[in-house]
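In what follows, a structure is listed as structure tokens, so that the remarks can point back to it.
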Amino acid sequence: MERLTAQQVYDRLVEGYGKPRWWPGTPYEIMVSAVLVQNTAWTQVEKVFAAWGEPEPAKVLAMPVEQLQETIRPCGFMKAKAATIRAVTEWYRRYGFDIEQARTADQHRLRRELLGLKGIGAETADAMLVFALHKPSFVIDAYTRRFLDRMGYGFSDDRQIRRFFESGLPADYRVYGWYHWLLLEHGKNHCRKQPVCEGCVFSEVCPGRAL
DNA sequence: ATCCCGCATT
DNA sequence: AATGCAGGAT
């Protein structure tokens with residue numbers, strides 16, 4: 001059975017969901033919200049920023065940890081996430097809190113540095129790389145895995161998934177970011193745990209379809 | 001595989 | 001009362 005290429009999947013997602021959106025906020029907000037949203041609904045992140053305003057890295061480092069914990073409480077895991085936000089902010093300080101300076105660094109070096117921070121796993125690191133640091137490092141999340149699994153690609157680990165996307169697309173961080181947003185939207189609307197296959201743009205080619 | 005946390009939804 | 005949510009660490 002012939003499977004769609006990464007580019008064909010992308011084109012079909014655009015048909016289904018229209019022009020992709022982008023991760024909202026300033027680069028530092030994006031990095032902070034990437035931590036806050038871990039295993040947490042996006043509405044909780046919005047709640048935190050509505051009360052917090054725009055977070056500034058220098059102020060975060062000057063803030064007592066308990067205050068930071070209280071600020072992010074609605075997102076859960078407050079102790080762990082507060083420590084991670086501090087770690088990310090201290091990492092950012094190495095680049096003078098200057099996103100342009102950080103962007104001049106090598107992509108794989110940045111990825112290794114982020115993965116070295118406690119509380120930053122592959123998914124969060126890649127989200128930061130794409131949306132804040134503008135590096136083409138494909139974000140692989142639970143939605144992505146479930147979609148590919150249902151579509152019958154048969155990938156057994158994230159390395160294979162990464163190769164599928166990164167060798168099948170232009171190395172453009174914008175495409176990676178849009179793609180991630182589209183997969184997220186698809187996972188929320190159709191390719192859920194309990195799939196909603198009516199109206200899915202992949203329904204004729206998906207072996208996992210439930211019709 | 002299991003536990004971690006807070007909040008919305010059902 | 002139970003489940004689920006842009007995960008990560010052990």
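Side-chain rings of A:Phe202 and A:His186 approach one another, their centers coming within less than 6.0 Å.
For DNA chain B, the contact window with chain A, defined by any atom under 4.0 Å from a protein heavy atom, covers B:dC4 to B:dA8 in 5' to 3' order.
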Counting only pairs under 3.5 Å, give me each side-chain donor-acceptor contact of residues 118-139 of chain A, with atom names and distances, residues two or more places apart or in other chains.
| from | atom 1 | to | atom 2 | distance (Å) |
| --- | --- | --- | --- | --- |
| A:Thr124 | OG1 | A:Gln38 | NE2 | 2.9 |
| A:Asp126 | OD1 | A:Arg111 | NE | 2.8 |
| A:Asp126 | OD1 | A:Arg111 | NH2 | 3.4 |
| A:Asp126 | OD1 | A:Ser137 | OG | 2.6 |
| A:Asp126 | OD2 | A:Arg111 | NH2 | 3.0 |
| A:Asp126 | OD2 | A:Arg162 | NH2 | 2.7 |
| A:His134 | ND1 | A:Tyr173 | OH | 3.3 |
| A:His134 | NE2 | A:Arg103 | NH2 | 3.3 |
| A:Lys135 | NZ | A:Arg103 | O | 2.7 |
| A:Lys135 | NZ | A:Ala105 | O | 3.1 |

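Nearest-nucleotide mapping onto DNA chain C: of A:Arg146 and A:Ala122, the residue sitting toward the 5' end is A:Arg146. Nearest-nucleotide mapping onto DNA chain C: of A:Lys193 and A:Ile120, the residue sitting toward the 5' end is A:Lys193.
For the contact set between residues 67-74 of chain A and DNA chain B, defined by any heavy atom under 4.0 Å, the members are A:Arg73, A:Pro74. Scanning residues 77-86 of chain A for heavy-atom distances under 4.0 Å to DNA chain C yields A:Phe77. At a non-hydrogen distance threshold of 4.0 Å, A:Trp23, A:Val37, A:Gln38, A:Asn39 from residues 18-39 of chain A come into contact with DNA chain C. A heavy-atom distance below 4.0 Å to DNA chain B is reached by none of the residues of residues 109-119 of chain A.
For the pair A:Glu29 and A:Pro55, the tightest heavy-atom approach, listed with the atom from each and the gap, is CG-CD, 3.4 Å. A pairwise comparison of heavy atoms in A:Val175 and A:Tyr10 identifies O-CE1, 4.1 Å as the closest pair. Across all their heavy atoms, A:Met151 and A:Cys206 have their closest contact at SD-CB, 3.7 Å.
Residues passing the side-chain contact (heavy atoms from CB on, under 4.5 Å) test with A:Ala80, sequence neighbours excluded: none. Under the side-chain hydrogen bond (donor to acceptor under 3.5 Å, both in side chains) criterion, A:Gln101 pairs with no residue, sequence neighbours left out. Partners of A:Arg21 by salt bridge (charged side-chain N to carboxylate O under 4.0 Å, His left out), not counting sequence neighbours: none found. With sequence neighbours excluded, the residues that form a side-chain hydrogen bond (donor to acceptor under 3.5 Å, both in side chains) with A:Glu70 are A:Arg73. Partners of A:Asp149 under the side-chain hydrogen bond (donor to acceptor under 3.5 Å, both in side chains) rule, at least two apart in sequence or in another chain, do not exist in this structure. Residues passing the side-chain hydrogen bond (donor to acceptor under 3.5 Å, both in side chains) test with A:Asp11, sequence neighbours excluded: A:Gln7.
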Check step by step if salt bridge (Lys or Arg N to Asp or Glu O under 4.0 Å) holds for A:Arg174 and A:Asp172. CA-CA 5 Å; A:Arg174 292 169 296 183; A:Asp172 182 341; 3.1 Å; yes
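A continuous path of hydrophobic side-chain contacts links A:Trp52 to A:Trp23 [ILVMFWY only; heavy atoms under 4.5 Å].
No cation-pi contact links A:Lys19 to A:Trp181, judged by a cut-off of 6.0 Å to the six-membered ring centre and 45° from its axis.
If you measure from atom CD1 of A:Ile140 to atom P of C:dG8, you get 12 Å, rounded to the nearest angstrom.
Atoms OG1 and CG, on A:Thr84 and A:Leu117 in that order, are 8.0 Å from each other to the nearest 0.5 Å.
At least one side-chain nitrogen or oxygen of A:Thr124 sits closer than 4.0 Å to the OP1 or OP2 atom of C:dG8.
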